[in-house]
Every structure is written in structure tokens, then in C-alpha cells.
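Reading through the C-alpha cells given below for one structure.
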Amino acid sequence: MTCETCDHTTSGLGNGYFWCPRCGTLKRFPQASWQTVTTPKLVERCREFGRTLGPLERVPWYRLGIEESIYRPEERQAP
Ligand SMILES: [Zn+2]
């Protein structure tokens, strides 16, 4: 199962819970018909911070993997 936030593979925690080790998103999937997704507040704050960075400031942003940790592949901006 993939993460709703960053598309990384989630780890099963049991009882219908899945956790993403890359971004920390928690997904509860108790039944096939519904699920709940809880994204860490830090993801939203990093997205806000990323929007303030200029092109040169974004180099370490990509190098450290922050962009891939807070966006799905189709949402990421190219370096
Ligand atoms: Zn994730």
C-alpha cells in the first residue's frame, strides 16, 4: 500500500493501520469501503516553507529529499 502524501510504501502496524516511514502519514484502513488519512502537520509546514525558497535555496531542498518526502511524484517540482 502506498502513502497518500508521498507515494512511498507504507508499513503495516496491525489492526488496519499503515504508517509511512518517509513522511509519517498514518492511514487507517479498517474496511475496504473507507479509510482515514492523517498527515503530519510538519508536512504542511514544510510545503509552506518550500514555497518561500528561491532556485538556489532549493538545491539542498532536493538533495536532502524534502521535496520527495512531502509531495507525490506528479506534484513535485523539477529541480
Ligand atoms: Zn509518505
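Just so you know, these numbers come straight off a predicted model, no measurement behind them. Indexing begins at 1, ligand by ligand and atom by atom, following the structure's order.
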Under 3.5 Å, which donor-acceptor pairs link side chains of residues 58-66 to any protein atom two or more places apart or in another chain?
from: Arg58; atom 1: NE; to: Tyr62; atom 2: OH; distance (Å): 3.3
from: Arg58; atom 1: NH1; to: Gly50; atom 2: O; distance (Å): 2.6
from: Arg58; atom 1: NH2; to: Glu67; atom 2: OE1; distance (Å): 3.0
from: Trp61; atom 1: NE1; to: Glu67; atom 2: OE1; distance (Å): 2.8
from: Tyr62; atom 1: OH; to: Gln77; atom 2: O; distance (Å): 3.2
from: Tyr62; atom 1: OH; to: Ala78; atom 2: O; distance (Å): 3.3

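- Residue Tyr71 is not grouped with residue Val37 when hydrophobic side chains (ILVMFWY) are merged at heavy-atom distances under 4.5 angstrom, including chains of intermediate members.
- Side-chain atoms of Lys27 never come within 3.5 Å of backbone atoms of Cys20 as a donor-acceptor pair (strictly under, hydrogens ignored).
- The cluster map of Ile, Leu, Val, Met, Phe, Trp and Tyr, joined by side-chain heavy atoms under 4.5 Å apart, puts Trp19 and Tyr17 in the same cluster.
- The line from CD of Glu4 to OG1 of Thr10 is 9.0 Å long, rounded to the nearest 0.5 Å.
- Atoms of the protein (N, O or S only) found under 2.8 Å from the Zn ion (ligand 1) are Cys3 SG, Cys6 SG, Cys20 SG, Cys23 SG.
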Evaluate the side-chain contact (heavy atoms from CB on, under 4.5 Å) criterion for residues Leu26 and Leu13: first the C-alpha distance (whole Å), next the side-chain angles of each, then the deciding distance (0.1 Å), finally the verdict.
CA-CA 10 Å; Leu26 183 66; Leu13 301 177; 4.0 Å; yes

